[in-house]
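Please read the structure below before turning to the comments.
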Amino acid sequence: MDPTQNPNPVYDIVILGASGFTGKYVVREALKFLQAPSSPLKSLALAGRNPTRLTQSLEWASRPNPPPSSVDILTADTSDPDSLRRLCTQTKLILNCVGPFRIHGDPVVAACADSGCDYLDISGEPEFMERMEAKYHERAQETGSLIVSACGFDSIPAELGLLFNSKQWEPPSVPNQIEAYLALESTKKIAGNFGTYESAVLGVANAEKLKELRRSRPRKPRPSIHGPPAKGPTLENQKKIGLWALKLPSADAVVVRRTLTTLTEKPHGLPGLNESPDQIQKREAFWSAIKPAHFGVKITSKSLFGIFRYVTLGVSLGLLSKFSFGRWLLLKFPSVFSLGWFQKKGPSEEEVESATFKMWFIGRGYSEESLVSEGKTKPDMEIITRISGPEIGYITTPIALVQCGLIVLGQRESLVKGGVYTPGIVFGSTDIQQRLEDNGISFEVISKNKIQD
């Protein structure tokens with residue numbers, strides 16, 4: 001243990017940014033497991049800049065019950081490193097909900113990496129995530145701080161969906177490409193999270209910085225994938241699922257590729273801090289059954305008009321994010337530039353309850369691994385799987401984040417000592433899928449077919 005790490009922290013979890021739109025839903029989800037039988041979450045605190053708003057968030061999240069007196073309110077500010085260091089000495093794990101992470105995340109990760117405190121967040125910002133790995137991975141390895149971003153809808157369903165589809169390819173079959181098709185559905189009109197929109201604006205604006213960061217980093221080994229990547233269309237009418245689909249530059253694809261790269265370096269996954277022989281055998285068996293594949297994400301719509309709205313939003317972001325006045329316009333009038341999809345006022349509880357998602361994973365590959373070495377590059381087999389669940393930003397994201405947190409608390413000895421990693425490589429071989437299924441997120445095999453020429 002690092003000498004700066006408090007051997008007896010007061011809290012199991014501190015939720016930072018607990019009064020934000022997403023934060024209060026994370027509090028509501030965490031309270032379900034606080035002091036519940038067999039739950040490792042025995043003590044919880046909420047942290048942020050404004051104690052009054054945190055108290056209101058706790059009251060909202062506790063309804064219809066009174067707020068539990070055991071949950072403490074702590075003051076901490078991402079612009080005050082001392083307050084963050086204090087926070088890290090008080091808890092085993094921080095769940096960070098303060099975005100955009102490229103603005104507010106670095107000081108929190110720095111404090112955790114220095115102190116040995118574990119850290120999970122709900123970022124979907126590739127540049128932030130890769131920069132954190134570049135800056136803090138070695139320090140976190142030394143102190144035993146486990147730092148994992150993208151533990152919300154970005155990118156738990158994509159990571160686990162890829163692993164679930166890959167596991168269906170039983171020897172001698174192998175996948176070549178697995179594409180995710182995301183469908184967002186609701187019975188009421190629902191506005192997207194403004195924080196997500198703001199992160200997208202800043203992400204597009206800083207795309208060059210991500211390229212520079214990657215150029216400055218040592219090259220990592222590429223996963224060995226059977227067969228060449230298939231160049232699919234940007235826009236397609238995907239008849240298997242009855243939807244139009246548009247190729248998307250997504251954080252999910254970046255995170256999945258990073259997981260597959262780590263798996264290339266560590267084919268049996270990440271050794272745990274203090275695993276039993278059974279746990280080692282289970283982890284190695286899980287990862288040896290995973291076969292890497294080319295991965296991409298497409299957003300879907302029942303109509304071409306829906307696709308047109310996605311294109312309009314993408315063009316607005318692409319053209320205006322590059323200039324400070326353009327960014328001001330985008331952030332000042334989100335509803336205009338997103339054609340009503342995003343607005344500063346978050347959705348109502350009724351709107352949130354009305355929304356769901358489906359994510360299909362269409363895997364194409366070879367019924368026999370030997371086909372590729374014989375020069376047959378056209379896939380002859382297809383496996384379709386699907387993950388479905390409730391609204392993505394306020395229900396699925398808290399479910400995923402809290403379950404990852406409970407695994408860190410309850411199974412810490414079987415997880416890697418420390419470092420900055422993606423969620424797939426850290427949680428893939430745990431019981432995360434079963435936990436999500438127990439909490440309303442379903443995993444299904446839809447079909448396995450030979451592809452007819």
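With hydrogens and angles disregarded, no donor-acceptor distance shorter than 3.5 Å links the side chain of Glu133 to the backbone of Met129. Thr91 contributes no side-chain N or O that, together with a main-chain N or O of Ile94, makes up a donor-acceptor pair within less than 3.5 Å. For the pair Arg412 (side chain) and Ile407 (backbone), a donor-acceptor distance under 3.5 Å is absent. In this structure, the side chain of Ser388 does not engage the main chain of Ser442 through any donor-acceptor pair within 3.5 Å. Panel note: side chain Glu125, backbone Phe101; a donor-acceptor pair is recorded below 3.5 Å. Judged by distance alone, with hydrogens and angles left aside, the side-chain atoms of Arg327 form a donor-acceptor pair with the main-chain N or O of Ser321 at under 3.5 Å. Looking at Ser301, its side chain never comes within 3.5 Å of a backbone N or O of Trp244 through a donor-acceptor pair. When atom types are taken as modelled, the side chain of Glu159 and the backbone of Gly424 share a donor-acceptor pair closer than 3.5 angstrom. A distance-only check finds no donor-acceptor pair linking the side chain of Glu444 to the backbone of Ile446 [under 3.5 Å]. Judged purely by atom type and a 3.5 angstrom limit, Thr143 has no side-chain atom pairing as donor or acceptor with the backbone of Ser115.
Minimum interatomic distance between Thr396 and Pro390 (heavy atoms only, all atoms of both residues): OG1-O, 2.9 Å. Considering every non-hydrogen atom in both Ala111 and Leu84, the closest pair reads CB-CB, 3.9 Å. Of all heavy-atom pairs spanning Ile387 and Leu160, the tightest one is CD1-C, 4.3 Å. The shortest heavy-atom contact between Thr385 and Asn165 is OG1-ND2, 3.1 Å. Taking all atoms of both residues into account, the shortest heavy-atom contact from Ser62 to Leu31 is OG-CD1, 3.6 Å. Contact between Ile178 and Ser166 at its shortest, heavy atoms only, is CD1-N, 4.1 Å.
Note: Trp328 and Phe333 have perpendicular aromatic rings, judged against thresholds of 30 and 60 degrees for the angle between ring planes.
For the side chain to side chain contact (heavy atoms under 4.5 Å, CB included) with Pro126, the lone residue among Val255, Val254, Asp154 that qualifies is Val254.
Using a 4.5 Å heavy-atom cutoff, the side chains of Trp360 and Glu179 are not in contact. Proximity of Ile432 to Leu436: side-chain heavy atoms (C-beta onward) are separated by under 4.5 Å at one or more points. Taking the side chain as every heavy atom from C-beta outward, Lys298 and Leu248 never approach each other to under 4.5 Å. In this structure the side chain of Phe337 never reaches within 4.5 angstrom of the side chain of Leu317, judged on heavy atoms. The shortest distance between side-chain heavy atoms of Asp12 and Pro40 does not fall below 4.5 Å. You'll find the side chain of Phe128 reaches within 4.5 Å of the side chain of Asp121, heavy atoms only. Gln35 is not listed as a side-chain neighbour of Leu44, based on a closest heavy-atom distance of 4.5 Å or more. The shortest side-chain heavy-atom distance between Cys97 and Ile15 falls under the 4.5 Å cut-off.
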* To do: Could you go through the salt bridge (Lys or Arg N to Asp or Glu O under 4.0 Å) check for Lys220 and Glu130 one step at a time?
  => CA-CA 13 Å; Lys220 293 198 167 184; Glu130 293 184 37; over 6 Å; no

* To do: Start with the C-alpha gap between Lys188 and Glu351, add the side-chain angles, then the distance that decides, and say whether salt bridge (Lys or Arg N to Asp or Glu O under 4.0 Å) holds.
  => CA-CA 6 Å; Lys188 291 188 167 76; Glu351 288 167 346; over 6 Å; no

* Asked: Would Asn50 and Ser19 satisfy side chain to side chain contact (heavy atoms under 4.5 Å, CB included), going step by step from the backbone distance to the final call?
  -> CA-CA 8 Å; Asn50 186 324; Ser19 59; 5.7 Å; no

* To do: Kindly indicate, with the supporting measurements, whether the criterion salt bridge (Lys or Arg N to Asp or Glu O under 4.0 Å) is fulfilled by Glu142 and Arg139.
  => CA-CA 5 Å; Glu142 287 168 17; Arg139 179 64 176 147; 3.2 Å; yes

* To do: Report the C-alpha distance between Asn439 and Lys32 in whole Å, list the side-chain angles of each, state the deciding distance to 0.1 Å, and finish with yes or no for side chain to side chain contact (heavy atoms under 4.5 Å, CB included).
  => CA-CA 11 Å; Asn439 286 278; Lys32 295 177 189 173; 5.8 Å; no

* Pair Tyr181-Leu243, side chain to side chain contact (heavy atoms under 4.5 Å, CB included): steps then yes or no -> CA-CA 9 Å; Tyr181 292 79; Leu243 294 167; over 6 Å; no

* CA sep, side-chain torsions, deciding dist, call: Leu330, Ser316, side chain to side chain contact (heavy atoms under 4.5 Å, CB included) -> CA-CA 8 Å; Leu330 287 167; Ser316 300; 4.3 Å; yes

* Given salt bridge (Lys or Arg N to Asp or Glu O under 4.0 Å), test Asp438 with Arg435 step by step and report yes or no. => CA-CA 5 Å; Asp438 291 345; Arg435 287 167 168 273; over 6 Å; no

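Separation of atoms CD1 (Ile425) and CH2 (Trp287) is listed at 4.0 Å; rounding is to 0.5 Å. In this structure, CG in Leu331 is found 5.0 Å from CZ in Phe194, a value given to the nearest 0.5 Å. If you take OG1 on Thr196 and CD1 on Ile122, they are separated by 8.0 Å, rounding to the nearest 0.5 Å. The CG atom of Leu34 sits 9.0 Å away from atom NZ of Lys42, with the distance rounded to the nearest 0.5 Å. Rounding to the nearest 0.5 Å gives a distance of 8.0 Å between CD1 of Ile384 and CD1 of Ile241. For the atom pair OG1 of Thr422 and CG of Leu260, the computed distance is 8.5 Å after rounding to the nearest 0.5 Å.
Residues Thr430 and Gln411 bring no donor and acceptor atom of their side chains to less than 3.5 Å of each other. Looking only at atom types and distance, the side chain of Tyr136 has no donor-acceptor partner in the side chain of Asp114 under 3.5 Å away. Side-chain polar atoms of Ser276 and Asp278 form no donor-acceptor pair below 3.5 angstrom.
Salt-bridge annotation for Asp106 and Arg131: present, with a side-chain N of the basic residue lying under 4.0 Å from a carboxylate O of the acidic one.
The environment of Glu138 atom CD is sparse: at most 12 non-hydrogen atoms of other residues, nucleotides or ligands sit within 6.0 angstrom. In Lys302, the NZ atom is not crowded: 12 or fewer heavy atoms of neighbouring residues, nucleotides or ligands sit closer than 6.0 Å.
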Donor-acceptor contacts, no H, no angles, side chain residues 265-274, under 3.5 Å, sequence neighbours left out:
{"from": "Asn274", "atom 1": "ND2", "to": "Glu413", "atom 2": "OE1", "distance (Å)": "3.0"}

Contacts under 3.5 angstrom, residues 306-314 side chains, donor-acceptor by atom type, not counting sequence neighbours:
{"from": "Arg309", "atom 1": "NH2", "to": "Leu339", "atom 2": "O", "distance (Å)": "3.0"}
{"from": "Thr312", "atom 1": "OG1", "to": "Phe308", "atom 2": "O", "distance (Å)": "2.8"}

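Aromatic ring centroids of Tyr25 and Trp60 lie under 6.0 Å apart.
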